[in-house]
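In this chain, numbering begins with 1 at the start of the sequence shown. Any value given below was found using the heavy atoms of this structure, including those in side chains, with hydrogens, waters and symmetry copies removed. All figures in this text were calculated on a predicted structure; none of them were measured in a lab. In each ligand, atom 1 is the first atom listed, and ligand 1 is the first ligand listed.
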Amino acid sequence: MTASISASAREVSHSRIRELAEIAIGMEGVLRLYFGESSLPTPDFIKEAAVRALRDGYTYYTSNAGLLSTRQALARYYARVHEVDLDPEREIVVTTSGVQALNVAIRCVLDPDDEAIVLTPAWPNGSSIVQMANARPVQVAHPLCGPRYGIDFDALEAAVTPRTRMLLYTSPSNPTGWVATVEEQTRLLELARRHGLWLLADEVYERLYYGGRRLGGVVPSILKLAAREDPVIVVQSFSKSYCMTGWRVGWIAARKDLAARATQLNEFIISHAPSFAQRAAETALQDGEEAVAGMLSRYIDNRDFCLQALRAMPGLEVPEASGAFYLFPKVHGLKDSFEFCRRLLLETKVGLAPGVAFGEGGEGSVRICYAAERRILEPAMQKLGEFLQKWAG
Ligand SMILES: Cc1ncc(COP(=O)(O)O)c(C=O)c1O
């Protein structure tokens with residue numbers, strides 16, 4: 001007998017974005033637009049805060065919920081930005097990234113064989129983490145209603161079974177750039193209340209919003225609509241808002257019982273986020289508005305440049321995208337987006353993420369991350385256009 005990997009681990013789907021990236025790794029000169037990461041570095045004032053924190057002795061363990069000062073900074077951020085009052089000691093848990101926030105939140109609400117409804121196309125990690133909890137993701141696709149993605153509430157109702165425990169949505173969305181309206185959020189909350197489900201909102205792209213009255217406004221958080229005793233969990237991260245992907249700091253804002261349990265489980269998963277990174281994250285929250293504004297003006301220019309280029313290409317339908325840093329054009333007649341992206345990569349060195357990687361409703365589209373530099377985006381759009389001419393013809 002040989003020792004084997006568990007069936008439950010083997011069942012976890014592999015990432016098709018990573019599969020594409022693995023092909024690209026061996027190639028030179030690839031215009032990489034397949035990962036969800038900005039080319040901008042972390043702003044200097046945040047790096048300096050981390051250095052100061054190290055000098056000040058933030059090199060020890062912290063509480064499993066994170067430093068109280070970080071949670072207090074988060075509570076102040078919610079009061080200032082969303083006019084939402086949160087209790088930093090009971091309703092906020094600092095995590096070691098958005099991925100870990102998702103992980104511990106999902107672990108707190110799902111038992112083996114439970115079901116979690118996931119609105120897709122979506123970043124695949126949510127569904128994979130559900131599988132890692134030995135539960136079952138049930139995908140319900142966002143329909144494309146004219147130029148905008150929407151929510152099929154009838155399909156959602158039909159997907160609820162006695163085993164359903166949770167509903168996960170992402171707004172602003174990776175990969176579509178869709179942003180839930182207040183009305184959509186209200187209906188999601190109402191559905192969750194009525195069926196006794198946890199509503200898990202992934203809001204990691206909340207600062208990347210171009211639809212507000214002014215650039216720099218935030219997407220309305222579900223926390224603003226929900227009462228504190230509602231079964232709502234918000235997953236958040238410093239990665240996208242402050243260009244801190246490598247730092248691995250995020251947070252959860254949730255009902256007290258969930259926050260307490262997540263704090264306890266953190267001990268056995270990761271214990272807590274690095275102490276000096278938590279201190280730097282506080283500085284990002286306190287002094288980060290100017291950096292966010294600079295980042296947004298760059299992204300909106302990039303988005304508009306790509307939108308204009310894509311809308312002139314043959315055989316593409318380009319939905320509205322008012323948040324995050326992605327466009328998700330649909331390629332007419334496309335049945336195998338992985339093969340499309342593989343050929344595009346090998347023939348033109350343009351690396352896009354295949355829509356199939358994002359689950360139900362994603363096949364037939366490709367994801368473009370426009371948080372890259374213009375010197376990458378411009379030739380990438382040119383080459384994609386030429387490739388599509390050949391593809392369509
Ligand atoms: C929708 C979504 N949620 C969460 C994350 C996690 O971000 P991080 O783990 O870097 O905090 C990402 C990263 O790409 C994402 O796209």
Side-chain angles (χ1 to χ4, degrees), residues 15-18 20-21 32-42 46 66 70 74 93-106 116 118-130 132 137 139 142 149 166-180 200-209 219 221-222 233-254 262 266 269-270 272-274 277-278 280-281 284-285 295 299 321-328 353 355 357-359 361-362 367-372:
S15 162
R16 306 245 31 219
I17 310 173
R18 181 64 60 182
L20 204 279
R32 290 172 215 278
L33 306 178
Y34 43 70
F35 283 144
E37 187 167 55
S38 174
S39 55
L40 289 171
T42 307
I46 302 175
T70 311
L74 283 163
V93 182
V94 180
T95 59
T96 315
S97 77
V99 179
Q100 197 248 315
L102 267 176
N103 215 301
V104 71
I106 288 174
V118 182
L119 278 176
T120 57
W123 186 57
N125 292 37
S127 290
S128 296
I129 292 169
V130 168
M132 279 175 61
Q139 301 189 357
H142 284 286
Y149 280 94
M166 183 187 102
L167 167 54
L168 166 62
Y169 76 99
T170 308
S171 169
S173 156
N174 171 6
T176 63
W178 167 82
V179 175
L200 201 168
D202 182 333
E203 298 187 348
V204 309
Y205 291 96
E206 79 164 1
R207 299 311 304 269
L208 278 52
Y209 182 45
V219 166
S221 171
I222 191 73
I233 312 166
V234 165
V235 158
Q236 263 286 12
S237 169
F238 289 85
S239 286
K240 315 289 173 175
S241 303
Y242 304 103
C243 302
M244 291 173 67
T245 46
W247 294 65
R248 316 312 294 139
V249 196
W251 73 90
I252 286 172
N266 253 357
I269 301 172
I270 189 82
H272 60 78
Q278 293 187 54
L285 292 169
M295 176 183 77
Y299 292 163
S322 48
F325 43 42
Y326 307 105
L327 293 171
F328 200 58
F358 303 96
R367 188 192 71 179
I368 297 165
C369 174
Y370 57 77

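At a threshold of 4.5 Å between non-hydrogen side-chain atoms, the residues Leu74 and Leu285 count as touching.
Side-chain N or O atoms of Ser15 include one that pairs as donor or acceptor with a backbone N or O of Arg18 at under 3.5 Å. Looking only at distances, a side-chain donor or acceptor of Thr95 sits under 3.5 Å from a matching main-chain atom of Trp251.
With sequence neighbours left out, the side-chain contact (heavy atoms from CB on, under 4.5 Å) criterion links Ser239 to Ser237, Thr245, Arg248.
Listed by chain and residue number, the protein contacts of ligand 1 are Ser97, Gly98, Val99, Trp123, Thr170, Asn174, Asp202, Val204, Tyr205, Ser237, Ser239, Lys240, Arg248 (heavy atom within 4.0 angstrom).
The aromatic rings of His142 and Trp178 sit tilted relative to each other, their planes meeting at an angle between 30° and 60°. By the 30° and 60° cut-offs, the orientation of the rings of Phe328 relative to Phe358 is perpendicular.
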